[in-house]
Amino acid sequence: MSTHERYNAPATEAKWRAAWEQADIYRTDNDDPRPKYYVLEMFPYPSGRIHMGHVRNYTMGDVVARYRRAKGFNVLHPMGWDAFGMPAENAAMQNNTHPAKWTYANIDAMKAQLKSMGLSLDWSREFATCDVAYYHQQQRLFLAFLKEGLVKRQTRKVNWDPVDQTVLANEQVIDGKGWRSGATVEQRDMPEWCFAITDYAQDLLDAIDTLDRWPDKVRLMQRNWIGRSEGLMMRFPLTVHEPSGLSEIEVFTTRPDTIFGASFVALAPGHPLAKAVAEHNPDVAAFIAETQKMGTSAEVIEKAEKRGVFTNLRVAHPFDPDITLPVYVANFILMDYGTGAIFGCPAHDQRDLDFARKYSLPVHPVVRPKDADDTFHVGADAFTDDGVIFNSRFLDGMSIPDAKNEIATRLENTELDGRPQGTRKVNFRLRDWGISRQRYWGCPIPVIKCDACGLVPVPDDQLPVKLPEDVTFDVPGNPLDRHPTWKHVDCPSCGAPAQRETDTMDTFVDSSWYFARFTAPDAAAPIDKAVMEDWLPVDQYIGGVEHAILHLLYSRFFMRAVAKAGYGDRPEPFKGLFTQGMVTHETYGSLTREWLTPEETRPVTAAEAADLAAKYARHIEVSKRLDADPRIDKTLLHVVLDPAVETSACEAYDAYFAEAKCEPLTAGRIWFSPAHPLRAAAPEAWLMNLKAATLTPAFNYGVEKMSKSKKNVVDPDSVLSTYGADTARWFMLSDTPPERDIEWTDAGFDASHRFVQRIWRLVGEAIAAMDRPGSGDGAALRKATHASVRAIEEAIEGLGFNRAVARLYEWTNALQKAIPDTAVPGSVLRESVEAMVVCFGPMMPHLAEECWTALGKDGFVANAAWPAVDESLLVEDTITLPVQVNGKRRAEITVAKDTPKDQIEAAVLEMEDVKRFLNGPPKKLIVVPGRIVNVVA
RNA sequence: GCGGGCGUGAUGGAAUGGUAGACAUACCGGACUUAAAAUCCGGAGGCGUAAGCCGUGCGGGUUCGAGUCCCGCCGCCCGUACCA
């Protein structure tokens, strides 16, 4: 072969992938005696096409897998499909294809694309969660959990679309309306199957401390999500009994110390007392009805303006029956947390303060900063920091913890209706995991509802409960529920006619144990205990940070449940976790930011820029005049002015055109914000909008996460087939730290491609020089080689792929200088090049194989051992220290490695570059061995 | 709203509290070429003739020394329980 040919990546890569497959080198044997290493990337949803996020994720995982393989581990690196979920049903509705057909076709297409990346995956373990074999085992796990008491029935609030007669996901509710029907969404109570994750709240919290190879941010997010808080359940007696007979309100509070600052009690709209009042109070009933049209997500509820309605009820203050507090129903109180009721202390809680200001309720500060006196007042901001209690009778002068304790103790010892008025309670924000979904494309919940026997588990010999195939999606609602025969079965217990549960499981259930199933994908039981315990926990799990809470917490719970059900004791599934950043790309759009593909734009010529600038000068001028208009929402990039609404702004427009004596705009009155590129970017930087028939500008709207809707996706398939996988892989690893968002740029990608070619050329040139004896010993290159190997292995082990890439660039630079240097012996070149090929093999596996063959080596580099580092070459005998005067670098000094401190001090004080900054002896002289010298003048 | 993260040259970024800007991209100059691409060599944070001064989103603080630690802001991004 000639190594001076250009490297033909697509052809060469296909050749090596075929060779690997032929030799089946990525199949993992559970009985291989070498130490095990389990690398897993979060498995993909089979949307039909891979996206750049997948390319990044799987490249990182593959580097780790191939590196560990080279380091002598028995590596498990499997792949499968998170294949249930709503998109398949949406596709079924839109294209009239069955979800299964659509999903499996997508899997085939995506598998081919993934294969073209050259990943070292054991495809023999592949499965999809929609495979009957997989969900059969999942149903068995569900029933095992049911038997262990880990499954409950609870009532939950869901988004209900009254037109489509269906439950909506939060993302399907847009501004309070159903995405498809446009109908106003209502909250509705729905009985649900739940997993008892709260049983493990404390354990899940405590064990976070053991996850030392997880990112701190994820651990913190999980801690906050579990939300342990110590507080007090306290009961407030109603001053007048409510007609329904309810006589008290129980609240949970973490701030009992602020009880003397209480100015109201508020109930969640779903609170039993609120519902009772609504029976006879139309105002309260109307308010509750209105809050139910709000959507169920925490974001919507808490962002909404804080509003409430007075119930006409009052409660007595627990420490002074003469003080009574009004009872409100308020939209910001969550029924799911605590008791669904609070006492409001406006001075020390921002939400309570906002509420109190709105309804003119008193604001009594009862905690003051340590350095403030008793005149301390609260203005627009609640005081939530540490301080001293005041205005609180017997608590005055106490610290917050002491006051909390005092209140708790007193109320524990106060009887109200024969029970203590207060009880200390540890509360968790974490709720049980509702797994019921009223959808078709999910794992059926294997339970039968019998009028006589209640909820009856499907016996094991009647599993799996398969999804019926003859379903339609042309009418709203759950196809399982309206299927003519599927749900009608005989009760396994009494034999009477009964009905199947028609809910299916949340897809998070599917992804909560797939990593365990991969260890023994064909096992007769859901999990092969011994094999699973051998492989788990996953040594390195890699995926998006968007899974930091739910998926990862559910999986941690699930494995605890698995252990309780006797399927194997590995409560923590993921030992090492890494969350990679997203892939972003520039976006382009029209004047009013209708997204455009890059092909729908082109740069403007100088003449066009001038024309466009002239055409839009009027808009820019009017926009500037409107910047101060209070009617305009300044958070938007542009506002289309409606003559019917934006009268003053429109008048300003018309006035300008009258003044300028040019043709006025009637349509097209738009305010452009100062941040809009029409105003922020020079006309020469604008683009032509090729979709428009007339001379119309388009703009670069900045870098955003790749998404279809923003028309800024780059299709991996075309990149892979044109330039090859190694270029794409190298690009994904270069420059940007893996945990951060990476911006896809053509320039960066081209540079990666040039580097692939450069390596190929360099290896060829080195091979041509490998026979030479060399006039020197090549010590510098040997040192660079061994130092590079060490630096790269450290970088990969720390998942600093961008740092590993930088070290490889340095290494190729060193080689490039060494090749024409005839002093360097060929044997040293060979050592360096062979080591380098093994070291970049995990990143560019195809190129590495081709180089390996060119070097005359036998076998696959994919099976080659990682180069051994000669430690003796890494030891430096002299060392150069920077010398600072008053913290500024002024000189440097080179000394023998073991030079004693006092000798360094003496030498430094003799240096001209030091002396000229000194007037007499230094105040202080700091020598940090091996690091730095600092002279303090 | 709440929780979390990020912010360093034109750009991506590097830097156990110890020489800020490694490495790369874009750019500029040179070599090769009829020419271009590719390739190779060299340059470069800003200001200044220079000594030097200034520089890690903004404002404070701790330290002999702060991109790094602490406090307060600003901006962008992610999650928020039925998207996966």
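Proteins get letters first, then strands, A, B, ... in listed order; numbering begins at 1 in each.
Distances shorter than 4.0 Å separate some side-chain N or O of A:Asn813 from OP1 or OP2 on B:A24. Between A:Asn224 and B:G4 there is a side-chain polar atom (N or O) within less than 4.0 angstrom of OP1 or OP2.
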Produce the list of close N/O pairs, under 3.5 Å, pairing protein atoms with atoms of nucleotides 39-41 of chain B; give distances to one decimal.
| residue | atom | partner | partner atom | Å |
| --- | --- | --- | --- | --- |
| B:U39 | O3' | A:Arg761 | NH2 | 3.4 |
| B:C40 | OP1 | A:Gln816 | NE2 | 3.1 |

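In this entry the distance linking CD1 of A:Ile893 with P of B:U19 reads 17 Å, nearest Å. B:C2 atom P lies 19 Å from atom CG of A:Asp336, rounded to whole Å. If you measure from atom CZ of A:Arg931 to atom C1' of B:A20, you get 14 Å, rounded to the nearest angstrom.
Across B:U19, B:C23, B:G12, the shortest atom-to-atom separation from the side chain of A:Thr736 is found for B:G12. Closest to the side chain of A:Asp735, from the set B:G12, B:A26, B:A22, is B:G12. With distances taken from any side-chain atom of A:Arg916 to the nucleotides B:G52, B:G13, B:G18, the minimum falls on B:G52. Considering only the side chain of A:Arg351, B:G1 comes nearest among B:U19, B:G4, B:G1.
As judged by a 4.0 angstrom heavy-atom cut-off over every strand, A:Leu430 is placed among the base-contacting residues. Among the atoms of the strands shown, base atoms are found under 4.0 Å from some heavy atom of A:His547. Note on A:Thr507: only backbone sugar-phosphate atoms sit closer than 4.0 angstrom, heavy atoms only; bases stay farther off. At the heavy-atom level, A:Gly434 lies under 4.0 Å from the strands shown only through sugar-phosphate atoms. Counting any heavy atom pair closer than 4.0 Å across all strands shown, A:Gly85 reaches sugar-phosphate atoms only and no base atom.
Between A:Tyr541 and A:His547, the distance from one ring center to the other does not fall under 6.0 angstrom.
A donor-acceptor contact under 3.5 Å links the side chain of A:Gln438 to the base of B:C82.
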Problem - Structure string for RNA chain B in dot-bracket form, Watson-Crick and G-U at under 3.5 Å, | interchain - result: (((((((..(((.....[....))).(((((.......))))).(((....)))..(((((..]....))))))))))))....
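Contact check for A:Trp433 versus A:Phe508: side-chain heavy atoms found under the 4.5 Å cut-off.
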